[in-house]
Amino acid sequence: MFTVVATVLQTPTPDRLECLERVRIEVGDDGHVHAMSTGAGPADVDLGDDTVLLPGLVDTHIHAPQWPQLGTGLDLPLEQWLHEYTFPLERRATEPAFAQSVWDDMVAVLLAHGTTTAVYFATVDVETTTMLARTCAAAGQRAFVGRVAMDHLETTPPWYRDFDAIAGVEASARSIDQIVALDSALVAPIITPRFTPACTDALLGGLGELAEATQVRVQTHCSESDWQHHHARDRFGRSDTAVLDSFGLLRANTVLAHGDHLDATDLGSLAAARAGVAHCPLSNAYFANAVFPARRALSAGVAVGLGSDIAGGSSPGLLSQCAHAVTASRYLEDGVDATVAPSARGVAGSRLSITTAFHMATLGGARLLGTDTGLLAPGRPFDAVAVAVDRSGSALRQWGDLDDHHRVFEKVVRLAGADDITDVWVAGRRVAGTRSVA
Ligand code: GUN
Ligand code: FE
């Protein structure tokens, strides 16, 4: 049991910023918040007036083996990018020694950016996928780890795919068993067909049955780009969402990455199934051919989390994705082509606030996954990120009485980098941060 005194900034709803000034948080040995009160008194950790405490960030879409190409390779369209850069790199990450070095580096950096929950696509290989789960468990990161299933002879290379659908389902089942056998309270498996273009009907159907039999969550990409969207129409005669549904993959807590081209019917199907979208705004600028209509999805009752889509997105932290989500929504609302009349240029009612974006990065992601993280409250896990707002040399700075809590919150979301993050806790364990502790 330990106590933290801190000013908490968090978003209990998509439109409400809550500021709890100097609250005293009691964290139990079970890693959960036992009580929060305004009472004074000594604390094990007092974050003072120049540091704020946020709930831990939930990154709902990361490609772990793409970590070494973060920041590069974004000059090609999605299909070419996969074949020329990404599949060769993911294949290298099936070599255990290389994989371990990537996993160690990536998990440490993501924790330092405040990513307390991560949803990973690992590799097609069972062993290196289990190694990633083990790395997260040891480092103290909450994680859903998926072995990537892909078997289509025309859309995947012979040196990076499942032998056939039967082998693919068998490997996914074995991966689930190995991750469950780690017996970590933080790490769980997730069934991961890469996307419909890379999978045969038999593999998609087999993984749907595996999800039903095991009740393990599902993740995939859905209607990301014009190309993916039309692939589903051409091959199956219906939308990508309807295809996933027909194979039993649209389930409660299914994470659909991107979803930029989902129509109103698709959004209704997601809401009914209690599936949701991992919105990856920066990646979308490169691959999606459109801005995801996040407001429309939220209005349709769809759970929306945020994703970095490393390395389709070139930035590691989720706070920067919040800022990108806001920026992208403004492009969508106003439109981007000045030769089009203002009244016809954009999509009215699309803009997101910083508050809504941060809600997606925390409670929205938790709701999508069906976890109890994303908010600091009694009974929930103590997954938290402390951010200094007075670090010398940082652009993030609280200017005395000029900045109320709302402005500090906006500044934290738009300006904080890993150097400003002093502490990161997951389930009550301090796992990262710049503060030196005795
Ligand atoms: N669709 C299938 N695979 C991928 C991937 O690795 N990244 C992105 N952004 N889209 C995909
Ligand atoms: Fe992706």
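Whatever order the structure lists ligands and atoms in, that order sets their numbers, starting from 1. We're numbering straight along the sequence, starting at 1.
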Give the ring-plane orientation class for Phe292 versus His279, where under 30° counts as parallel, over 60° as perpendicular and anything between as tilted.
tilted
Stepwise ring pair (Phe, Tyr, Trp, His ring centres under 6.0 Å) test for Phe195 and Trp227:
CA-CA 12 Å; Phe195 62 160; Trp227 168 67; 5.7 Å; yes
Do any pairs count as a ring-ring contact (aromatic ring centres under 6.0 Å, His included) and have a residue in residues 314-367, sequence neighbours left out, and if so which ones?
Phe358-Phe409
Write out the residue and atom name of the closest protein heavy atom to atom 10 (N) of ligand 1, then the distance separating them to 0.1 Å.
Glu224 OE1, 2.7 Å
No-hydrogen, no-angle side-chain donor-acceptor test under 3.5 Å, Thr339 and Asp337
yes
Does an N or O anywhere in Thr86 fall below 3.5 Å from an N or O of ligand 1?
no
For Thr130, what residues pass the side chain to side chain donor-acceptor pair (under 3.5 Å) criterion, not counting sequence neighbours?
Gln178
Tell me the contacting part of His258 for ligand 1: side chain, backbone, both, or neither, using a 4.0 Å heavy-atom threshold, strictly below.
side chain
Does any N or O of ligand 1 fall below 3.5 Å from an N or O anywhere on Trp81, backbone included?
no
Can you classify the ring geometry of Phe121 versus His63 as parallel (below 30°), tilted (30 to 60°) or perpendicular (above 60°)?
tilted
Would you call the rings of His221 and His61 parallel, tilted or perpendicular, where under 30° means parallel and over 60° means perpendicular?
perpendicular
What are the protein N, O or S atoms, given as residue plus atom name, that sit under 2.8 Å from the Fe ion (ligand 2)?
His61 NE2, His63 NE2, His221 NE2, Asp309 OD1
Counting non-hydrogen protein atoms only, what is the nearest one to atom 9 (N) of ligand 1? Give residue, atom name and distance.
Asp309 OD2, 2.8 Å
Which of the numbered atoms in ligand 1 are under 4.0 angstrom from any heavy atom belonging to Leu78?
8 (C), 10 (N), 11 (C)
Test your reading of the model: is there a side-chain donor-acceptor pair from Thr94 to the backbone of Arg91, 3.5 Å cut-off?
yes
Check side chain to side chain contact (heavy atoms under 4.5 Å, CB included) between Asp201 and all other residues, then give those that pass, not counting sequence neighbours.
Arg235, Phe236, Phe247
Just need the protein heavy atom nearest to atom 3 (N) of ligand 1, so name the residue and atom and give the distance.
Arg194 NE, 2.8 Å
